Amino acid sequence: MTFNQRCYELLSQIPKGKIVTYKQIANTLNTKAYRAVGNAMANNPNPITVPCHRVIKSNGLIGGYVFGTKKKINLLEDEGIIIKKDEIVDFKKHIHLFK
DNA sequence: GGAATGACATTTA
DNA sequence: CTAAATGCCATTC
């Protein structure tokens, strides 16, 4: 089981309309590899089962996306998330907490 | 094995 | 509050 696999597994647990920060993911994995998490996303071999577009920065910004940040925003808004100027509106209300 | 890279975070000015 | 500098972990070249 690689780091990436674990990240994907967590992401697959995120329900529609919810989001998480890179920090939360790393924290859930008991590590501080926020960077590595981002790398895993970039290497996302399975964008279908892995909703990597629901991962955002800890400051509420969108962050990056393989298909472009625009596309990411579009997807999130389609799931009910409000985004303004590449920033999540009330993103604390949409944050998903892992068990 | 070592150096470079990145979808980040935190601290300092 | 905004901007810049520094630190970080895992992966890849």
Side-chain angles (χ1 to χ4, degrees):
Chain A
M1 184 69 83
T2 71
F3 206 82
N4 311 42
Q5 288 294 324
R6 306 227 277 150
C7 295
Y8 307 145
E9 199 159 301
L10 281 174
L11 291 183
S12 61
Q13 293 180 34
I14 304 175
K16 177 173 172 292
K18 292 285 184 177
I19 54 180
V20 287
T21 66
Y22 293 93
K23 183 177 181 173
Q24 307 255 322
I25 295 175
N27 190 40
T28 305
L29 294 178
N30 289 308
T31 178
K32 292 112 192 132
Y34 339 103
R35 289 278 198 133
V37 175
N39 253 323
M41 300 303 107
N43 262 307
N44 184 3
N46 210 336
I48 315 300
T49 59
V50 181
C52 42
H53 59 273
R54 293 182 188 148
V55 186
I56 62 171
K57 289 193 164 193
S58 62
N59 59 348
L61 291 176
I62 300 301
Y65 192 55
V66 180
F67 299 99
T69 308
K70 290 193 336 164
K71 191 69 180 174
K72 185 171 179 178
I73 294 172
N74 208 3
L75 287 168
L76 289 174
E77 286 195 320
D78 193 54
E79 294 189 358
I81 311 295
I82 312 299
I83 300 171
K84 183 180 172 71
K85 306 252 188 243
D86 292 16
E87 186 176 331
I88 306 288
V89 177
D90 293 329
F91 82 101
K92 294 174 186 172
K93 296 181 181 177
H94 301 284
I95 281 290
H96 171 75
L97 274 54
F98 295 104
K99 286 190 270 167

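Naming convention: chains lettered A, B, ... in sequence-line order (proteins, then strands); numbering from 1 in each chain. Worth saying up front: this structure is predicted, and the values here are computed from it rather than measured.
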Q: Kindly indicate whether the side chain of A/Leu76, heavy atoms from C-beta on, has any atom under 4.5 Å from the side chain of A/His94.
A: no
Q: Nearest 0.5 Å please: distance from the CG atom of A/Asn4 over to the CG atom of A/Asn43.
A: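 Spacing of CG (A/Asn4) from CG (A/Asn43) equals 6.5 Å.
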Q: I want to check something: taking the side chain as every heavy atom from C-beta on, are A/Ile25 and A/Tyr34 in contact at a cut-off of under 4.5 Å?
A: no
Q: Taking N or O atoms only and anything under 3.5 Å, show me the protein contacts with nucleotides 5-7 of chain C, one pair per line.
A:
residue : atom : partner : partner atom : Å
C/dG7   : O6   : A/Arg35 : NH2          : 2.7
C/dG7   : N1   : A/Arg35 : NH2          : 3.4

Q: What's the closest nucleotide to the A/Val66 side chain, out of B/dA7, C/dA10, B/dA9?
A: B/dA7
Q: Please report the interatomic distance CD(A/Gln24) to CG(A/Leu29), rounded to the nearest 0.5 Å.
A: 11.5 Å
Q: Parallel, tilted or perpendicular: which describes the rings of A/Phe98 and A/His96, with under 30° parallel and over 60° perpendicular?
A: perpendicular
Q: For B/dA9, does the base pair up with any side-chain atom of A/Tyr22 as donor and acceptor (N or O, under 3.5 Å, distance only)?
A: no
Q: Using whole Å, what does the distance between atom C1' of nucleotide B/dT5 and atom CG of A/Asn43 come to?
A: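 From A/Asn43 CG to B/dT5 C1': 12 Å.
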Q: Without decimals, in angstroms, what is the distance between A/Ile19 CD1 and B/dA7 P?
A: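 So the two atoms are 20 Å apart, to the nearest Å.
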Q: Kindly point out which of B/dA7, C/dC9, B/dA9 is positioned nearest to the side chain of A/Lys23?
A: B/dA9
Q: When the distance from CD of A/Gln24 to C1' of B/dA7 is rounded to whole Å, what number comes out?
A: 16 Å
Q: Can you pull out the residues from residues 80-93 of chain A that lie within a 4.0 Å heavy-atom distance of DNA chain C?
A: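 Listed by number, there are none.
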Q: Within a strict 4.5 Å, meaning less than it, do heavy atoms of the A/Ile14 and A/Val20 side chains meet?
A: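 In contact.
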Q: When you get a sec, tell me which of B/dA7, C/dC9, C/dT11 is the closest nucleotide to the side chain of A/Asn4?
A: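 The listed nucleotide nearest to A/Asn4's side chain is C/dT11.
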Q: For A/Ala36, report the nucleic acid contact type (base, sugar-phosphate, nothing); a contact means any heavy atom under 4.0 Å.
A: base
Q: Tell me: CG of A/Asn27 to C1' of B/dT10, nearest whole Å?
A: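 For the pair A/Asn27 CG and B/dT10 C1', the rounded distance is 15 Å.
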Q: To the nearest 0.5 angstrom, please state how far the CD1 atom of A/Ile81 sits from the CD1 atom of A/Ile62.
A: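 Answer rounded to 0.5 Å: 9.5 Å.
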Q: Going from CD1 on A/Ile56 to CD1 on A/Ile73, what distance comes out if it is rounded to the nearest 0.5 angstrom?
A: 11.5 Å
Q: Rounded to whole Å, how long is the line connecting atom CG of A/Asn59 with atom P of C/dC1?
A: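 So the two atoms are 12 Å apart, to the nearest Å.
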Q: What pairs meet the salt bridge (Lys or Arg N to Asp or Glu O under 4.0 Å) rule with one or both residues in residues 61-87 of chain A, with sequence neighbours excluded?
A: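 Counting only pairs at least two positions apart or across chains, the salt bridge (Lys or Arg N to Asp or Glu O under 4.0 Å) contacts touching residues 61-87 of chain A are A/Arg54-A/Glu79.
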Q: Checking contacts here: which listed nucleotide (B/dA7, C/dT11, C/dC9) is nearest the side-chain heavy atoms of A/Phe3?
A: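 Shortest atom-to-atom distance from the side chain points to C/dT11.
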Q: Less than 4.0 angstrom between a side-chain N/O of A/Thr2 and OP1 or OP2 of C/dA10, yes or no?
A: no
Q: How close or far is atom P of C/dT11 from atom CE of A/Met41, stated in whole angstroms?
A: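 Taking CE of A/Met41 and P of C/dT11, I get 12 Å after rounding.
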Q: Given atom NZ of A/Lys57 and atom C1' of B/dG6, what is their separation to the nearest angstrom?
A: 11 Å
Q: Give a yes/no answer on whether the side chain of A/Ser58 brings an N or O atom under 4.0 Å of OP1 or OP2 in B/dA9.
A: yes
Q: Using whole Å, report how far CG of A/Asn30 lies from C1' of C/dA10.
A: 16 Å
Q: Do A/Ile19 and A/Ile95 have side chains that approach each other closer than 4.5 Å (heavy atoms only, starting at C-beta)?
A: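 SC-SC contact between A/Ile19 and A/Ile95 confirmed.
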